[in-house]
Novice: 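Have a look at the structure that comes next, please.
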Amino acid sequence: MTIRRIGAEGGTGTGGQHLPFARAVEAGGWLKVSGQTPMRDGEVVEGGIVEQSRLAIENCIAIMTEAGYGLEHVMHVSVVLTDARYFQSFNKVFAEYFSAHPPARICMVADLVVDCKVEVDVTCYKGE
């Protein structure tokens with residue numbers, strides 16, 4: 001089985017910091033996208049939970065698309081919110097993207113190392 005690393009050179013995080021991990025890794029028809037925050041060009045985009053949720057999900061979708069996967073291939077989503085009060089608003093945004101192909105999901109509340117409200121990662125499968 002071959003392992004393909006997408007964005008293995010790493011990206012740029014807050015303050016121009018080099019991120020030492022791949023944006024995604026693919027093997028055997030599985031794609032694991034690294035956690036995405038509401039970041040554009042290495043900086044967190046300010047806004048409420050709705051705006052930040054959309055951007056975090058869109059960042060996942062961009063990486064999935066680059067790797068040749070679509071929303072119909074998403075098997076599981078992990079979500080970290082920094083406040084439990086964001087849950088309802090996040091669910092509304094989540095449904096905009098995933099209602100046609102609902103994946104399994106976990107949603108938890110925790111502090112994030114980046115100053116934002118949400119982080120999202122996805123696991124996809126489409127066979128080899």
Side-chain angles (χ1 to χ4, degrees):
M1 178 180 343
T2 303
I3 296 175
R4 180 171 70 124
R5 299 172 199 290
I6 295 114
E9 67 282 355
T12 303
T14 306
Q17 173 186 329
H18 172 72
L19 301 175
F21 51 84
R23 290 191 318 271
V25 176
E26 178 186 38
W30 291 92
L31 179 75
K32 179 67 176 167
V33 177
S34 292
Q36 297 299 302
T37 58
M39 202 172 277
R40 188 177 291 127
D41 300 322
E43 295 299 325
V44 172
V45 174
E46 295 299 320
I49 186 61
V50 170
E51 296 82 12
Q52 287 201 358
S53 297
R54 280 196 183 108
L55 185 52
I57 293 170
E58 289 290 336
N59 287 342
C60 287
I61 292 170
I63 294 167
M64 291 164 42
T65 301
E66 177 184 347
Y69 291 74
L71 289 173
E72 70 276 16
H73 300 117
V74 176
M75 298 284 295
H76 187 267
V77 178
S78 297
V79 180
V80 180
L81 301 172
T82 58
D83 191 317
R85 293 174 292 185
Y86 298 152
F87 185 71
Q88 296 280 348
S89 296
F90 179 84
N91 272 344
K92 288 178 184 174
V93 174
F94 187 86
E96 292 172 16
Y97 292 92
F98 294 104
S99 60
H101 305 284
R105 189 183 90 180
I106 185 171
C107 187
M108 63 197 98
V109 175
D111 291 331
L112 293 169
V113 297
V114 176
D115 187 19
C116 62
K117 296 171 175 57
V118 61
E119 184 168 350
V120 178
D121 77 29
V122 299
T123 302
C124 303
Y125 179 75
K126 71 172 183 176
E128 293 194 64

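Atoms considered below: every heavy atom in the structure, side chains included; atoms not considered: hydrogens, waters and symmetry mates.
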Novice: Atom CE in Met64, atom SG in Cys124: separation rounded to 0.5 Å?
Specialist: 4.0 Å
Novice: Give a yes or no on whether Trp30 and Ile6 share a hydrophobic cluster (residues Ile, Leu, Val, Met, Phe, Trp, Tyr; joining criterion: side-chain heavy atoms under 4.5 Å apart).
Specialist: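 No; Ile6 is not reachable from Trp30 via cluster members.
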Novice: Determine, step by step, whether His73 and Tyr125 satisfy the side chain to side chain contact (heavy atoms under 4.5 Å, CB included) criterion, reporting the C-alpha distance in whole Å, the side-chain angles of both residues, the deciding distance to 0.1 Å, and the verdict.
Specialist: CA-CA 5 Å; His73 300 117; Tyr125 179 75; over 6 Å; no
Novice: Would Met108 and Ile106 count as a side chain to side chain contact (heavy atoms under 4.5 Å, CB included) if you check the C-alpha gap in whole Å, the side-chain angles of each, and the deciding distance to 0.1 Å?
Specialist: CA-CA 7 Å; Met108 63 197 98; Ile106 185 171; 4.0 Å; yes
Novice: Under 4.5 Å between side-chain heavy atoms, hopping through other hydrophobics if needed: is there a path connecting Val113 to Leu81?
Specialist: no
Novice: Between Arg5 and Ala22, what is the shortest heavy-atom contact and its length?
Specialist: CB-CB, 4.3 Å
Novice: If you define the side chain from C-beta out and look only at heavy atoms, does anything of Val114 sit under 4.5 Å from Val44?
Specialist: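 Touching, per the 4.5 Å side-chain cut-off.
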Novice: Do Pro103 and His76 have side-chain heavy atoms sitting under 4.5 Å apart?
Specialist: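 Answer no - side chains too far apart.
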Novice: Compute the ring centroids of Phe90 and Tyr86, then answer whether they are less than 6.0 Å apart.
Specialist: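 Not close enough - the centres of the two rings lie 6.0 Å or further apart.
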Novice: For the CD atom of Glu46 and the SG atom of Cys116, what is their distance to the nearest 0.5 Å?
Specialist: 9.5 Å
Novice: Got a donor-acceptor contact below 3.5 angstrom from the Gln52 side chain to the Lys117 backbone?
Specialist: yes
Novice: Determine whether Phe87 and Val79 fall in the same hydrophobic cluster, where Ile, Leu, Val, Met, Phe, Trp and Tyr are linked whenever their side-chain heavy atoms lie under 4.5 Å apart.
Specialist: yes
Novice: Are Val77 and Val93 co-members of a hydrophobic cluster defined by side-chain heavy atoms under 4.5 Å apart?
Specialist: yes
Novice: Given side chains that start at C-beta, do those of Ile63 and Gln36 come closer than 4.5 Å, heavy atoms only?
Specialist: yes
Novice: Do the non-hydrogen side-chain atoms of Arg54 and Glu96 ever get within less than 4.5 Å of each other?
Specialist: yes
Novice: Would you find more than 12 non-hydrogen atoms of other residues, nucleotides or ligands less than 6.0 Å from Lys32 atom NZ?
Specialist: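 Enclosed.
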Novice: So, do Val118 and Ile49 sit near enough that their side-chain heavy atoms are less than 4.5 Å apart?
Specialist: yes
Novice: More than 12 foreign heavy atoms under 6.0 Å from CD of Glu72: is that the case here?
Specialist: yes
Novice: For Asn59 and Thr37, indicate whether the former's side chain and the latter's backbone hold a donor-acceptor pair under 3.5 Å.
Specialist: yes
Novice: Same cluster for Tyr69 and Ile61 if Ile/Leu/Val/Met/Phe/Trp/Tyr side chains link at under 4.5 Å?
Specialist: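 Yes: a chain of side-chain contacts under 4.5 Å links Tyr69 to Ile61.
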Novice: Any idea which heavy atoms bring Ser34 and Phe21 closest together, and the distance?
Specialist: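 It is OG-CD1, 3.8 Å.
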Novice: Any heavy-atom pair between the side chains of Ile3 and Glu26 that's under 4.5 Å?
Specialist: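 No, every pair of side-chain atoms sits at 4.5 Å or beyond.
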Novice: Would a 4.5 Å heavy-atom cut-off, applied to side chains only, mark Arg40 and Leu55 as touching?
Specialist: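 Yes; the side chains approach each other to less than 4.5 Å.
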Novice: Within the 4.5 Å heavy-atom criterion, are Phe94 and Val120 side-chain neighbours or not?
Specialist: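 SC-SC contact between Phe94 and Val120 ruled out.
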Novice: To the nearest 0.5 Å, what is the distance between OH (Tyr97) and OG (Ser53)?
Specialist: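 That separation rounds to 9.5 Å.
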Novice: Tell me, with the steps shown, if Leu31 and Val25 meet side chain to side chain contact (heavy atoms under 4.5 Å, CB included).
Specialist: CA-CA 6 Å; Leu31 179 75; Val25 176; over 6 Å; no
Novice: Show your reasoning for whether side chain to side chain contact (heavy atoms under 4.5 Å, CB included) applies to Asp121 and Val33.
Specialist: CA-CA 6 Å; Asp121 77 29; Val33 177; 5.5 Å; no
